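For reference, the structure is listed below as structure tokens.
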Amino acid sequence: MAKEINFAKFPSKTGDANLPRMAAQNRSQFADYDVIFIDSSGRVYANWRDDAPDACNDKTINGYIDRDDLRNYTFAQECPSSRDGIWEFTVATSP
């Protein structure tokens with residue numbers, strides 16, 4: 001069975017107002033499923049990285065992407081320090 005993301009199951013909490021909106025127009029961003037959370041404005045905070053190994057190695061939340069800007073997602077790879085692995089997201093627009 002293919003792994004899927006249910007955005008409704010991500011924790012809802014307040015994001016750091018100082019974190020930037022990630023600019024990634026029409027390209028992939030990778031994040032560790034275990035650190036993703038969504039704020040009340042629909043901002044998806046995560047350890048956004050340009051490749052899966054970096055997302056596996058660095059769990060620091062570095063910004064957000066608006067939920068409406070995320071188009072596709074796929075499971076990218078297992079990660080020893082992550083229960084649910086690294087996921088690849090396609091970002092449709094940029095700030």
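Worth saying up front: this structure is predicted, and the values here are computed from it rather than measured.
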Atom pair CD/CD1 of Q77 and I86 - distance to nearest 0.5 Å: 6.0 Å
Side chain to side chain donor-acceptor pair (under 3.5 Å) partners of T60, counting only residues at least two apart: D58
Pairs of donor and acceptor atoms involving the side chains of residues 32-39, under 3.5 Å and at least two apart or interchain, shall be tabulated with distances.
residue: D32; atom: OD1; partner: D34; partner atom: N; Å: 2.8
residue: D32; atom: OD1; partner: S82; partner atom: OG; Å: 2.7
residue: D32; atom: OD2; partner: K59; partner atom: NZ; Å: 2.5
residue: D34; atom: OD1; partner: D84; partner atom: N; Å: 3.3
residue: D34; atom: OD2; partner: S82; partner atom: OG; Å: 3.2
residue: D34; atom: OD2; partner: R83; partner atom: N; Å: 2.5
residue: D39; atom: OD1; partner: S41; partner atom: N; Å: 2.9
residue: D39; atom: OD1; partner: G42; partner atom: N; Å: 3.2
residue: D39; atom: OD1; partner: R43; partner atom: N; Å: 3.0

Nearest atoms (heavy-atom pairs only) where N47 meets A31: OD1-CA, 3.5 Å
Step-by-step side chain to side chain contact (heavy atoms under 4.5 Å, CB included) determination, T74 to W87: CA-CA 6 Å; T74 56; W87 289 74; 5.6 Å; no
Flag side-chain contact, heavy atom, 4.5 Å: R21 against D69: yes
Side chain to side chain, L70 and Q29, heavy atoms closer than 4.5 Å: no
Centroid separation F89 to W48 less than 6.0 Å: yes
Sidechain-backbone polar pair: N57 side chain, P53 backbone, donor-acceptor under 3.5 Å: yes
Exercise: identify the closest heavy-atom pair between A52 and F30: N-CG, 3.6 Å
Check against side chain to side chain contact (heavy atoms under 4.5 Å, CB included), L19 and I61: CA-CA 8 Å; L19 289 174; I61 295 174; 3.9 Å; yes
Any side-chain heavy-atom pair of C56 and P80 under 4.5 Å: yes
